[in-house]
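Only heavy atoms go into these numbers, but all of them, side chains included; no hydrogens, no water, no symmetry mates. Labels below follow one simple rule: chain letters A, B, ... track the order of the sequence lines, proteins then strands, and each chain is numbered from 1.
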Amino acid sequence: MSPLDKKLLRDLWRMKSQAAAIAAVIALGVLINVMMGGLINTLEETKRAYYERYRLADVFAPAKRAPNRLLKDIAALPGVAAVEGRIQGGALIDLQGVDVPIRARVLSLPESGSPRLNDYYLVDGRRMDPTRDDEILILNGFAKAHGLKPGGSISATINGEKRTFDIVGLVQAPEYLFSVAPGELAPDDSRFAVIWASEDALAKTFDLDGAFNEALVSLSRGASLPAVLSGIDRLLDPYGGLGAYGLADQTSNRFIVEELKGLRSSSTVVPPIFLAIAAFLLYIVVSRIVQSEREEIGLLKAFGYSNFAVAAHYFKFVLAIATGGALLGCLLGIFSGCGMAQLYQNYFKFPFLAFEVEPRAFIMGMTVSVLAASIGALFVLIGVFRLSPAVAMRPPAPADYSRTMALAQFIKLRLDQPSRMVLRRLVRQPMRAVSAIVGIAAGMALTVTQLSVLGSFNSSLDLSFSVIDRSDLSVSFVEPIGQKAIYELKRIEGVIEVEPFRSVPAILRNGLRSCRGGIEGLQSEPHLNRAVDKEVKPIYVRSDGIILSKALADKLAIDPGETLTIDVREGRRPILEVPVVAIANTLLGAPAYFERHALNRAMKEPGRVSGAFMRIDTAHAAEIYRTLKEMPIVAGVNVKGEARQAFQRLMDEGAGSVRYIMTAIAAIITFGIVYNSARIAFAERARDLASMRVIGFTKGEATFVLLGELGVITLAALPLGAILGYALLQLVASGFSTDLYQIPADFVPDAHGTAALAVIVAAAFSGFLVKRDVDRLDLISVLKTRE
Amino acid sequence: MDSPSLAFKVRDLTKIYGSGVSAVHALRGVDLDVREGEITVLLGASGSGKSTLLNILGGLDTATAGSVHFGRENLTAMSDDELTLYRRNHVGFVFQFYNLMPSLTAFENVELVTEIATSPLSPGEALDVVGLTERRDHFPAQMSGGEQQRVAIARAIAKQPEVLLCDEPTGALDSKTGRMVLKVLQDVNERLSTSVLIITHAAATADLADRAVYLADGRVKDIVVNEERKRAEEISW
């Protein structure tokens, strides 16, 4: 090994703690990129494999009642690979000890036990005996949430008929990765069940002998989805077809796609910023380390080493740190990506995981680290090479202070000696101070942004569940019924206020853009569930036009004044042309509001209600739930508190958990930046500080000179960090938003306060660590070497 | 030594640092002949220009005007790369503060130079010349100042340079250790016939030189030729 390489290794060893701190920062920057890339690839690959293995349908076509022979006609449509007809319907489950009735979906299984499409994965228990009509399979998540096991039984009301079933198996199904009750936004395992029962039993219950009410279709390669959809719609139309839709509009799939989209967009926006900031820090640190080696560079040149040989030596040095950090980041990234994927496996309820790493993240992490380190070293080396070796070997000449005489006079009067030293150093090398300020501010900005995203989501929940929705619960009816039902609800003891609504499923279109959703028909001056504008003032619902949520208007690219086409998928299925009159500020979901009577008029169904928002006296809650459970018209009850909790869980356990991790990494990077700044300052000043100590300054005074500078830089970084953080939030907020919820890019004071506090704590802790080194300065050894 | 050839021929050498009002004239037209195989001592007060002269002779710094010839080659006309090769192949340096790499052992510090030289001594031989064979695996921090300086000399002579340039080699040492270092330099001069240039504050050092050059205010003030050199052991300061 050449002596230069030995020097390299020993220098690395000597600077191990600082090299480790730098490598750790770059490792974190790379880690989060590799982790997110691997996580998303794994989840997408797993989803694909799961869908494929369990033959999830490409098209879902619900109808009222279609004869089985129609399945042959559907199979004959061009582009259709396989067809399966099944019976599906709503149910209410009555669980002991649970007051609120639980909604469920029942699905038929063919006699063979395994359907051609939409198969299931048996987690526990056994398959159904096709000859028994009282055996069911139940969705694993729901069973777990309520402690149900194979061998137990459950009581359910299906199509008005209350029956008890034996649970024989717990299953997972790609169709229900997320179980979301109709009319709700967030999935909640405990409040929505899926039951698989024998086809014969359900045919009897729903009076569908020899018929089906949902066709599942898989497409052959290269098939045109729109063509198949319209072909199926044409065939099913005489049988009450409700409109076939593709997998993209299937509820569970939409959730998972949105979650993955949210993950992907937050991983394409945020981790590169982390990496960029880590790279910036690496650049600064490397350039300062190389700068501090100026005299050794001059010496090597004096011996006759060429610029190239010296440069190669220092490049090896910085590359060792950069690639070391990046490699560590890759390794840890793969590990944590696997760990995260396993967390997500539970969350998404995948029965298996297909691991897949993201090579681009490796390459990007490596390249960025190496480039940042090389550029940092290169700039300094070019500067040092320009000097003659004789000059380079001498310590840099003291700066010219003559220009700062006015300042010097001022500070002489106002400041004591150590303070003057702090100030002069800042003034003498303003670029150094500026780069340290920008570095710390960048770290703080990351933290501010992450905390703001978390805070914004909480304010979204507040806005949605306290301001927009002021009810305690909402009730939905089995089918749209007359106003009388509202009086029944009002009569229940403890009910304070009842506000009916009419909602219809519809496809909203604007030109080529369309969106499956629904129309909420509200009172013209609603109290309990309202539309609000940007200033959070209520918008009155109008009968001459529709109010769209911001998310929906954006998706359809429609503005107030333009006309929206509403393709209603219920009742007589009218197609309405309605002007958009206002845009509502909603952060959860994408509702469209219309006046209830106007909607009923358009449907030619006067006086109908689909459900009601209710305010109740919570002291009577249990009785009210029980009463509702007994009412045959009630299809489901949504308790607002539970819905809010479900959303909170969605944030904490799903894509949200990544946000917590990113926040933690942002905080660590911030600390890394602050600590490195302190360390470098110490390394550069060790000799000065020792000299001060020799002259007779106390340890405290010497520390003050060092940390005073860090203090000034930290304080200067705080306002800049706040501004950068706010700017960064504007960039990333949309990346964190999905179809389900929007993250507003609002100023979140708490986030700024907490981030500033974190920076101050990091500075104080770094100061403490560096102070120990000041206390331990070896005065004699410092003086033995040259001035 | 009837008419020995010249190691360096310096003519009208001028060096100005900075410009305008802050310009510093380090050298103001120096003329000097340094003979091959001799020990030349440069003396003068601080700021007299002796370090600047030595740095230019060593190819560590460039002149503002004038010329320096090393043999037939004109140093003042050399590019940066040519100067690098010149230093690598012909010049050995010894500095006041040794400038050893703290992270390398004595042996490795010497190896740093033998690595890039064309026909070097082995690091072991060079350490033997300065009498430090048994300290070869020690780090600078484990050695006394005199030992460190001897390692620096070993490092400088290992490449078998034609000239050895020493900037205050005893400046950081006590007189006893300093004498030992000077003795090593004298040995090197005698054993390897290397031309040696020594900068010093200590006037007594002039006694061991063939020629003592006195500099003042950037000019050569006087040159004293010693008919008889003293041994390093004989001088004191």
Original post:
Does the side chain of B:E115 come within less than 4.5 Å of A:F303's, by heavy atoms?
Top reply: no
Original post:
Any chance NZ of A:K6 has more than 12 other-residue heavy atoms, nucleotides or ligands included, within less than 6.0 Å?
Top reply: yes
Subject >> N-O pairing of A:K7 and B:E108 below 4.0 Å >> reply: no
**OP:** Determine whether A:S2 and B:E111 make a side-chain contact, defined as any pair of heavy atoms from C-beta on separated by less than 4.5 Å.
**Re:** no
Subject >> Sidechain N-carboxylate O distance under 4.0 Å for B:D80, A:K301 >> reply: yes
Original post:
Which atoms of B:F95 come close to chain A, meaning under 4.5 Å heavy atom to heavy atom: side chain ones, backbone ones, both, or neither?
Top reply: side chain
**OP:** Check each atom of A:F308 against the heavy atoms of chain B and say whether the ones under 4.5 Å are side chain, backbone, both or neither.
**Re:** neither
**OP:** State, yes or no, whether a side-chain contact exists between B:F93 and A:L299 at a heavy-atom distance under 4.5 Å.
**Re:** no
Original post:
Measuring heavy-atom distances to chain A, does B:L104 have an atom under 4.5 Å in its side chain, in its backbone, in both, or in neither?
Top reply: both
Original post:
Should A:Y305 and B:I116 count as side-chain neighbours, where that means a heavy-atom distance under 4.5 Å?
Top reply: yes
Original post:
What pair of heavy atoms forms the shortest contact from A:G304 to B:T84, and how long is it?
Top reply: O-CG2, 3.2 Å
Subject >> Side chain, backbone, both or neither of A:L4 within contact of chain B (heavy atoms, under 4.5 Å) >> reply: both
